[in-house]
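These values consider heavy atoms only, across backbone and side chains, with no hydrogens, waters or symmetry-generated copies. Every chain is numbered from 1, with letters handed out A, B, ... down the list of sequences.
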Amino acid sequence: MTSSYLAGLNPEQLAAVTAPQGSTLILAGAGSGKTRVLTTRIAHLIHTGQAPARGILAVTFTNKAAKEMTARLQAMAPIHIGGMWIGTFHGLCHRLLRAHALEAGLPALFQIMDSADQLAAIKRLLKALNVDDERYPAKEVQHFINSAKESGLRAGSLDGAQPFERRLAELFAAYDEQCAREGLVDFPELLLRTHELLTRNEILRAHYAARFQHILVDEFQDTNRLQYQWLRLLASGGASVFAVGDDDQSIYAFRGAYTGNMHEFQRDFGIQGIIKLEQNYRSQGNILDAANALIRHNTGRLGKELWTGRGPGSPIIVHAAPSDQDEAAFIAQAVAGLAAEGVPLSDIAVLYRSNAQSRSLEHALFNAAIPYRVYGGLRFFERQEIKHALAYLRLVANPQDNGALERVINFPPRGIGARTLAQLADTAAQHGIALSDALTRGPGVGKSGAALAQFARTLAEMRAACQAAALPEQVEHVLRLSGLSAHYAASRSEADRLENLAELVNAAAAFVDEYTAAADPGLAPVGLPPLTAFLSHASLEAGEYQAEGAAQALSLSTAHAAKGLEFHTVFLSGLEEGLFPHEHSLNDRGGVEEERRLLYVAITRAKERLFLSYAQNRMLHGQVRYGLASRFLRELPSELLAHAGQREAAALDPRTTREREPSSPWHVGQNVSHPKFGTGIIIDCEGRGQDARVQVNFGASGVKWLVLEYARLSPA
DNA sequence: GTACATACAGTTTTT
DNA sequence: CTGTATGTAC
């Protein structure tokens, strides 16, 4: 019997896909076909009868990855994925907690806070407890609580010897109490609560451990300690864990990712040998050689060397610009040149270390009239107007949600300020009730009393209107009765916010369709109101309804946000000491190595062309900073690099050159061929008209200056 | 209670 | 330079 789905796999991929019973660690290099291996492995397990679909659990970090895996599986013709669990760590934990809320000690209609909601909740708590916010800034308290939870610790199990730590632990305990009172769960809580549930409840643990005989984990190098404990717990019934990761691409240690899990996994699961996927299907040789050479400077690697069957390709172009503006102009002109050569803008990316760097780039691109989209902007469900609407909806779904009430009690403005709010909080505290219940319990006199009473009537009206309505209508009622629609309609400058609110109604409608049509009833626990489900969805998948930018646009992104993407051409800007590696990383243990991995990730995004640039002068925080070339540039083999000067930057742009010398189609970065020297790449241009000369790197034949009038050069 | 002014800090980020 | 957060005047 032929197994067509295995066709075309290389030997290592095949070994991974068909790995025998037991746990496996796959070291999957960038561009090595990792997602294909994961999905084909699942297909193989089902095809060979090693597991039914319902016995498979696949875990990813992002919704995007989970979606892609699901889509690829559905595209593999005869596979039924019904009963299979595919999702993010948080999404899967959410599902488990919805199914077993009671056993987990949560209210049936618990809600999920995103990080911003959590921070607001902590600020509210600190204020209520009169905590000195100089000594205990909300952000630090949040970090303390989240790191504790991500290490599997509760306030009670923290033994702080120092008074400072003890106080933090007290705040942690008070925060958890507040969450319990209001029926709220934060992101790390989803994981910790699930872990505790499965630890304490042997029946449930046995059930799930027996059900999931195959657990597949994507981006394993990004797991934190709690996630690894979670996996061990679920695998305690003898499941085979198929972990796919790349220690060289670990760039999230700063948020708790622990690559040590890769070592612990080998020990805990008795891994015999690691399967390494080193053949790269994305980049040309020079790019891979540069990436390999760079990452060799790191210590303690599991060890891996990317290779390709394709040729070396073009040299990597390095450009030293006098200033950040010159750097941006160089990039803009080179992009225009590539576009003129026929490279689609959507296949080009400009990457940088920190978001602030996008400014000068955007400026130059705007001037050059090059369309672009900036990755990782504000996401749909995180927009101010959407957050406001969601807060009203949260109040409808759960009157106990004090955070939601505080957010909207005076938005749109209705004359309820800090003073009135403090009184309301006092009343609520005295009676031990929620803020929304205290609205009608206060003195009820004077201007503020009337405003509170009016607000209470608004909320009651909203709840009544939503009583029997379908979700999209509930959203419409809330937008109207809250006054949000009217508020934004009245402002000309905020017309787009009104549009976004209309989009929220559409999102709700789309969600209902998906929710009711869910193939797996387990996805939609019986009796969970669509509104509660929608609110959870909004917290867990904030980027879901991200507006797609123009299709024909250049991508601007941080190196972090570009992970997992690929482009024909990549520009890496700001390769300066202090920026990349970032100065903040120099003090951290392993900081520079993480920066090096980040650059490794960035380099391996490029398929054919790679440009590296830095500025000798950079405007930063309103001051000029003098930059030195990044140490990482010196770690790249010089034979892979070609230096392009700044003089010819203007000559790069065919639109500006065309005006002066319409006949010159040559520009830096262009591939050319010469009858005697073979193929090469232009690395410099000089002069114009009859004097025009170009410097070409012919690889083996060396670097030559050629006078265009005589050299029989042709585009290649 | 709201509007403006001044001070201040300023990596990377998904759920 | 820029957005945020707090403080002061109406």
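- Between dT15(B) and R379(A), a contact under 4.0 Å exists linking OP1 or OP2 to a side-chain N or O.
- The side chain of T88(A) has dT15(B) as its nearest neighbour among dT13(B), dT2(B), dT15(B).
- Across all strands, N410(A) comes closer than 4.0 Å only to sugar-phosphate atoms, never to a base (heavy-atom distances).
- Not a single donor-acceptor contact under 3.5 angstrom links the side-chain atoms of S115(A) to the base of dT14(B).
- In this structure, Q227(A) atom CD and dT15(B) atom C1' are separated by 9 Å, rounded to whole Å.
- For R605(A) and F567(A), the positive end is not near the middle of the six-membered ring at less than 6.0 Å and at most 45° from its axis.
- For the pair H90(A) and E594(A), both in contact range of DNA chain B, the more 5′-proximal nearest nucleotide belongs to E594(A).
- Rounded to a whole Å, the CD atom of E134(A) is 11 Å from the P atom of dC8(B).
- Both G417(A) and S539(A) sit near DNA chain B, but only G417(A) has its closest nucleotide nearer the 5' end.
- With distances taken from any side-chain atom of R419(A) to the nucleotides dT2(C), dG1(B), dT12(B), the minimum falls on dG1(B).
- A sub-4.0 Å separation between OP1 or OP2 of dT13(B) and a side-chain N or O of N355(A) is present.
- Residue R597(A) contributes atom CZ, which lies 18 Å from atom P of dT12(B) at whole-angstrom precision.
- Look at OH on Y375(A): it is 11 Å from P on dT14(B), rounded to the nearest Å.
- The side chain of N63(A) places no N or O atom within less than 4.0 Å of a non-bridging phosphate oxygen (OP1 or OP2) of dT14(B).
- Backbone-only contact: Y252(A) has heavy atoms under 4.0 Å from sugar-phosphate atoms and none from a base.
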Chi angles and distances behind the side-chain contact (heavy atoms from CB on, under 4.5 Å) call for I112(A), H94(A): CA-CA 9 Å; I112(A) 302 170; H94(A) 174 234; 3.5 Å; yes
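- If you take CD of E150(A) and P of dT13(B), they are 17 Å apart, rounded to a whole angstrom.
- A cation-pi arrangement is present between R255(A) and Y252(A), with the terminal nitrogen or guanidinium carbon under 6.0 Å from the aromatic centre and inside a 45° cone about the axis.
- Remark: ring of F254(A) stacked against base of dT12(B); centroid gap under 5.5 Å, plane tilt under 30°.
- Neither OP1 nor OP2 of dT15(B) sits under 4.0 Å from any side-chain N or O of N224(A).
- Spacing between atom NZ of K123(A) and atom P of dT4(C) amounts to 11 Å, rounded to whole angstrom units.
- For H584(A) against dT11(B), a side-chain-to-base donor-acceptor contact under 3.5 Å is absent.
- By the 6.0 Å and 45° rule, R383(A) does not stack over the aromatic ring of F381(A).
- Comparing dT2(B), dT12(B), dG10(B) against the side chain of H621(A) picks out dG10(B) as the nearest.
- Nucleotide dT15(B) holds its P atom 16 Å from the CD atom of Q118(A), rounded to whole Å.
- Of the residues listed (E576(A), E595(A), E577(A)), the one engaging R631(A) in a salt bridge (charged side-chain N to carboxylate O under 4.0 Å, His left out) is E577(A), and it is the only one.
- Evaluation of H582(A) against the base of dT11(B) yields a stacking contact (centre distance < 5.5 Å, interplanar angle < 30°).
- Taking atom CG of residue L226(A) and atom C1' of nucleotide dT14(B), one finds them 15 Å apart after rounding to whole Å.
- A donor-acceptor contact closer than 3.5 angstrom links the side chains of E362(A) and Y372(A).
- For T420(A) and dG1(B), the shortest distance from a side-chain N or O to OP1 or OP2 is below 4.0 Å.
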